[in-house]
Amino acid sequence: MDRKILGLDVGSKTIGLATSNGQIANPYKTIRFEEYNFDEGLEQLSQEIEQYHPDVIVVGYPRNMDGSIGSRAEMVDYFIEGILAYNPTFQENQIVRIDERRTTKMAKNIMIDAGISREKQKKSKDGLAAQLILELYLQINNK
């Protein structure tokens, strides 16, 4: 059975989005907003959630290298609270946090290896990072 899954890579100015049917993850788009203006980002994301109707949202959860929760993970927790507030039909058990240490760096390295220009890397890294987060989720849940 296919499920609609939305992957998110949350940053202070962008949200990378990826989509999946439960089998394959695809980069979708990047939402851009004024730095730390999460309400602006959440409004745009809520429109995407309304249009896509995901069964699950997978959010990259950037733990520190020692596994502890730092300010970046706290930012994501705040953002998850916002997703639930902006989308009252969505439940907390439909949101999954995935440890995403190094996914943005991995995305950048993939694009460098592929010879993609710096300008295109800047536009694409968030969507690719969201795709990597979603692929991690699919690997864990499709075993």
Side-chain angles (χ1 to χ4, degrees), residues 1-114 116 118 120-143:
M1 181 178 113
D2 285 350
R3 304 181 298 152
K4 286 187 168 184
I5 306 169
L6 186 63
L8 306 179
D9 178 45
V10 177
S12 60
K13 297 187 283 191
T14 60
I15 308 164
L17 281 73
T19 59
S20 176
N21 62 1
Q23 301 296 318
I24 298 171
N26 299 295
Y28 174 56
K29 72 184 297 184
T30 299
I31 293 173
R32 299 182 190 289
F33 52 94
E34 207 172 307
E35 189 164 21
Y36 294 111
N37 186 347
F38 295 125
D39 285 339
E40 181 185 342
L42 284 163
E43 285 176 23
Q44 292 180 59
L45 177 60
S46 292
Q47 292 171 7
E48 296 298 330
I49 290 170
E50 272 185 42
Q51 289 176 359
Y52 188 64
H53 296 291
D55 299 304
V56 177
I57 296 177
V58 177
V59 184
Y61 199 64
R63 291 183 177 274
N64 292 327
M65 292 312 290
D66 65 2
S68 64
I69 295 172
S71 61
R72 300 295 286 182
E74 289 172 355
M75 179 185 76
V76 171
D77 284 333
Y78 176 81
F79 204 86
I80 289 170
E81 289 174 23
I83 291 171
L84 295 169
Y86 273 82
N87 303 279
T89 59
F90 216 77
Q91 303 296 312
E92 189 162 358
N93 66 353
Q94 292 175 277
I95 298 176
V96 178
R97 292 168 177 84
I98 290 288
D99 186 353
E100 59 117 346
R101 287 176 267 193
R102 298 187 176 156
T103 53
T104 302
K105 186 174 178 102
M106 286 169 48
K108 192 169 184 176
N109 288 340
I110 288 168
M111 290 186 289
I112 289 170
D113 291 346
I116 296 172
R118 285 185 191 264
K120 191 160 184 181
Q121 285 178 35
K122 191 174 181 180
K123 291 180 181 175
S124 303
K125 74 175 169 41
D126 300 302
L128 183 54
Q131 179 185 1
L132 293 171
I133 289 164
L134 199 44
E135 285 176 356
L136 283 169
Y137 171 81
L138 292 173
Q139 287 172 8
I140 292 166
N141 289 284
N142 288 337
K143 287 186 177 182

Check your understanding: Would you call Y61 and I133 a side-chain contact if the rule is heavy atoms closer than 4.5 Å?
Key -> no
**Study point:** Rounded distance [0.5 Å steps], CD1 in I80 versus CG in L42
**Key:** 11.0 Å
Check your understanding: Just wondering, do S20 and E135 contact through their side chains at under 4.5 Å, heavy atoms?
Key -> no
Check your understanding: For the side chain of D55 and the backbone of K4, is there at least one donor-acceptor N/O pair under 3.5 Å apart?
Key -> yes
Review point. Between A130 and G7, what is the shortest heavy-atom contact and its length?
Key: CB-O, 3.8 Å
Practice item. Scan side-chain atoms only and decide if Q47 and Q51 contain a donor-acceptor pair under the 3.5 Å cut-off. Key: no
Study note, to complete from the structure: To the nearest 0.5 Å, atom OG1 of T30 lies from atom CG of L17 at 7.5 Å
Practice item. Taking the side chain as every heavy atom from C-beta outward, state whether L45 and F79 have any atom pair closer than 4.5 Å. Key: yes
Review point. Can you check whether V56 reaches L6 side chain to side chain, under 4.5 Å on heavy atoms?
Key: no
Exercise for review: Taking the side chain as every heavy atom from C-beta outward, state whether D39 and N37 have any pair of such atoms under 4.5 Å apart.
Suggested key: yes
Study note, to complete from the structure: Rounded to the nearest 0.5 Å, the OH atom of Y28 sits from the CG atom of D126 at a distance of 15.5 Å
Check your understanding: Quick one: are L138 and I5 in side-chain contact, heavy atoms under 4.5 Å?
Key -> yes
Check your understanding: Taking only residues two or more places apart in sequence or in another chain, which ones pass salt bridge (Lys or Arg N to Asp or Glu O under 4.0 Å) with K29?
Key -> E48
Check your understanding: Just how far is it from atom CD1 of I98 to atom CG of L136, taken to the nearest 0.5 Å?
Key -> 6.5 Å
Review point. Which pair of non-hydrogen atoms, one from L84 and one from E92, has the smallest distance, and what is that distance?
Key: CD2-N, 3.6 Å
Practice item. Mind checking the OG1-CD spacing from T89 to E50? Nearest 0.5 Å is all I need. Key: 8.0 Å
Practice item. Say whether, by atom type as modelled, one donor and one acceptor occur between the side chain of D9 and the main chain of G60 under 3.5 angstrom. Key: no
Check your understanding: Looking only at heavy atoms, which two atoms of A18 and G127 are closest? And how far apart?
Key -> CB-O, 4.3 Å
Review point. Can you tell me if N64 uses its side chain to pair, donor with acceptor, with the backbone of D66 under 3.5 Å?
Key: no
Practice item. Answer yes or no: is there a side-chain heavy-atom contact under 4.5 Å between E43 and F33? Key: no
Practice item. Search all heavy atoms of R32 against all heavy atoms of E40 and return the closest pair with its distance. Key: O-OE2, 4.1 Å
Review point. Can any side-chain N or O of Q131 pair as donor or acceptor with the backbone N or O of A25 at less than 3.5 Å?
Key: yes
Check your understanding: Roughly how far, to the nearest 0.5 Å, is CD1 of I24 from OG1 of T19?
Key -> 10.5 Å
**Study point:** Side-chain donor or acceptor of E74 paired with backbone N/O of I69 under 3.5 Å
**Key:** no
Point to revise | Listed partners of N87 passing side chain to side chain contact (heavy atoms under 4.5 Å, CB included), at least two apart | key: S46, I49, I83, F90
